[in-house]
Amino acid sequence: MTAATTTATSLSPSTTPLTPVARTLTGHLTAAATRPALSTRALDAISLDELNATAGLLTRMDRKYLVPIEAAQGLLDALASGIAGRSRALEIKGQRSFAYASTYFDTPDLAAYHLAARKRRRRFKVRTRSYLDSDLCFLEVKTRGPRGATIKERIPWALDNADRLTPEGRAFIAALLFGSGVCRARDGAERIAAALTPVMGTTYERTTLHLPQAEARATIDTRLAWMPMRASRHSATGATRGAGRPAGPQAIIETKSPGTPSPADRFLWSLGHRPAKISKYATGLALLERDLPANKWHRVITNDLAGAARPPEAQAHD
């Protein structure tokens, strides 16, 4: 678990047609859908403004769980019964589940991945995050602060550039890598930023919950899929994407509380679920590239994601 400062974004569903990039990413998400969406109708709704005002800008302890989809629904039902007070689900224009896509960038020798695999304190992650229902996109850089705090900086990004970095984006990344201490020299930060290329994409759906009794919030990600990527001058988006590798009937639950475990954590513990070492980027890349060192995520890959770890051709014969 890590301390992190959380922020929320305007996710209002767009009333304009999706861009070509959003249509492509949404197609990947639809292909990854293996189960019906979670049901949150027993929970009251909370607006984005209310969520930001009550739980959006605090430093929190994050805990991640990888659980069967049934356990995620069980948590929703338990919250509806009142285990955390009047828990509510984020709702925008009648919608409670929102489609996300991320593109992760790394160097040719996968510096970001190896820093995470070796548990280096001075590590980083670079991605674009696209909110497909609203045609919004951000370029994000994650680094580590004091006491393991996750520091995320981001800037608005054109959705059509979700799979590529512009000179302005690379300058933004280099400044953060140097300023955070990931790179001790500015020219080293600039070299890393200049070498970054798209290596992997993810798509998933997210449900966001507010747990007022514990001043906490939680997110549930379902329909997760990973896909290999590589830069391409011949692609309109700047990159090509390989076949998706669905996580299967699993959900990633992330709880965010001021420090003490939330009622959602305690409910999951009562079912035998404990916080898991999982990173959408590192775990996903380890699944796609099986020769990478992956001791940190070995248990998750071999147990919880055993189906996703199998080669696509083997899955096709099941």
Side-chain angles (χ1 to χ4, degrees), residues 1-4 6 32-43 55 60-85 87-90 96-98 100 116 119 148 150 202-226 245-284 286-287 294-310:
M1 63 188 165
T2 59
T6 63
T34 57
R35 290 292 179 94
L38 296 171
S39 174
T40 61
R41 290 305 161 187
L43 292 167
R60 302 172 175 273
M61 297 304 296
D62 296 355
R63 298 175 178 87
K64 289 183 181 178
Y65 304 84
L66 182 62
V67 303
I69 198 75
E70 293 82 6
Q73 185 62 57
L75 173 62
L76 291 171
D77 296 340
L79 292 174
S81 73
I83 66 167
S87 299
R88 296 192 284 172
L90 175 63
R96 294 193 177 192
S97 181
F98 303 93
Y100 285 57
K119 304 180 183 179
T150 299
T202 61
T203 55
Y204 55 96
E205 290 185 357
R206 170 164 290 183
T207 300
T208 300
L209 308 167
H210 178 223
L211 287 58
Q213 191 179 76
E215 298 182 355
R217 64 193 292 179
T219 58
I220 305 178
D221 295 343
T222 58
R223 296 177 176 173
L224 172 64
W226 296 276
R245 186 78 66 86
Q250 304 285 336
I252 296 178
I253 300 175
E254 186 168 358
T255 64
K256 310 170 192 290
S257 58
T260 57
S262 72
D265 292 294
R266 297 189 184 281
F267 175 81
L268 292 170
W269 296 350
S270 73
L271 297 181
H273 300 294
R274 292 293 183 268
K277 292 180 178 177
I278 183 168
S279 156
K280 286 192 182 76
Y281 173 55
T283 306
L287 276 168
N295 289 345
K296 184 177 179 180
W297 308 284
H298 178 76
R299 180 185 176 279
V300 168
I301 291 173
T302 57
N303 294 338
D304 304 290
L305 294 173
R310 299 175 61 200

Discussion item. If the condition is side chain to side chain contact (heavy atoms under 4.5 Å, CB included), which residues does Ala247 pass it with, not counting sequence neighbours?
Written reply: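 Checked Ala247 against side chain to side chain contact (heavy atoms under 4.5 Å, CB included); matches are Leu224, Trp226, Leu305.
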
For the student: nearest non-hydrogen atoms of [X] and [Y], plus distance:
| X | Y | value |
| --- | --- | --- |
| Ala116 | Lys296 | O-NZ, 3.4 Å |
| Ile83 | Gln213 | O-OE1, 3.5 Å |
| Ala71 | His273 | CB-NE2, 3.7 Å |
| Leu43 | Ser87 | CD2-O, 3.5 Å |
| Ala251 | Thr222 | CB-CG2, 4.0 Å |
| Ala72 | Val67 | N-CG2, 4.0 Å |

Point-to-point distance, once rounded to the nearest 0.5 Å, from [atom1] of [X] to [atom2] of [Y]:
| X | Y | atom1 | atom2 | result |
| --- | --- | --- | --- | --- |
| Thr255 | Leu75 | OG1 | CG | 9.5 Å |
| Arg266 | Thr260 | CZ | OG1 | 7.0 Å |
| Lys277 | Ile301 | NZ | CD1 | 13.0 Å |
| His210 | Leu79 | NE2 | CG | 11.5 Å |
| Thr219 | Arg206 | OG1 | CZ | 4.0 Å |
| Gln250 | Glu70 | CD | CD | 9.0 Å |

All side-chain hydrogen bond (donor to acceptor under 3.5 Å, both in side chains) counterparts of [X], not counting sequence neighbours:
| X | answer |
| --- | --- |
| Lys280 | Asp221 |
| Asp77 | Gln73 |
| Ser262 | Asp265 |

Worksheet item: Do you know which of Thr207, Ile220, Leu90 makes side chain to side chain contact (heavy atoms under 4.5 Å, CB included) with Thr40?
Response: Thr207

Practice prompt. Would you mind telling me which of Arg88, Arg96, Arg217, Glu254 makes a side chain to side chain contact (heavy atoms under 4.5 Å, CB included) with Thr208?
Written response: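 When side chain to side chain contact (heavy atoms under 4.5 Å, CB included) is applied between Thr208 and each of Arg88, Arg96, Arg217, Glu254, only Arg217 qualifies.
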
Fill in: Qualifying residues under salt bridge (Lys or Arg N to Asp or Glu O under 4.0 Å), relative to Arg299, sequence neighbours excluded
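Counting only residues at least two positions away or on another chain, Arg299 forms a salt bridge (Lys or Arg N to Asp or Glu O under 4.0 Å) with Asp304.
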
Discussion item. I'd like to check the ring pair (Phe, Tyr, Trp, His ring centres under 6.0 Å) partners of Trp297; sequence neighbours left out, ordered by chain and number.
Written reply: Tyr113

Worksheet, complete the sentence: ring pair (Phe, Tyr, Trp, His ring centres under 6.0 Å) filter on Phe267, not counting sequence neighbours, yields none

Worksheet item: Would you call Leu209 and Leu76 a side-chain contact if the rule is heavy atoms closer than 4.5 Å?
Response: yes

Worksheet item: Within a strict 4.5 Å, meaning less than it, do heavy atoms of the Arg274 and Trp269 side chains meet?
Response: yes

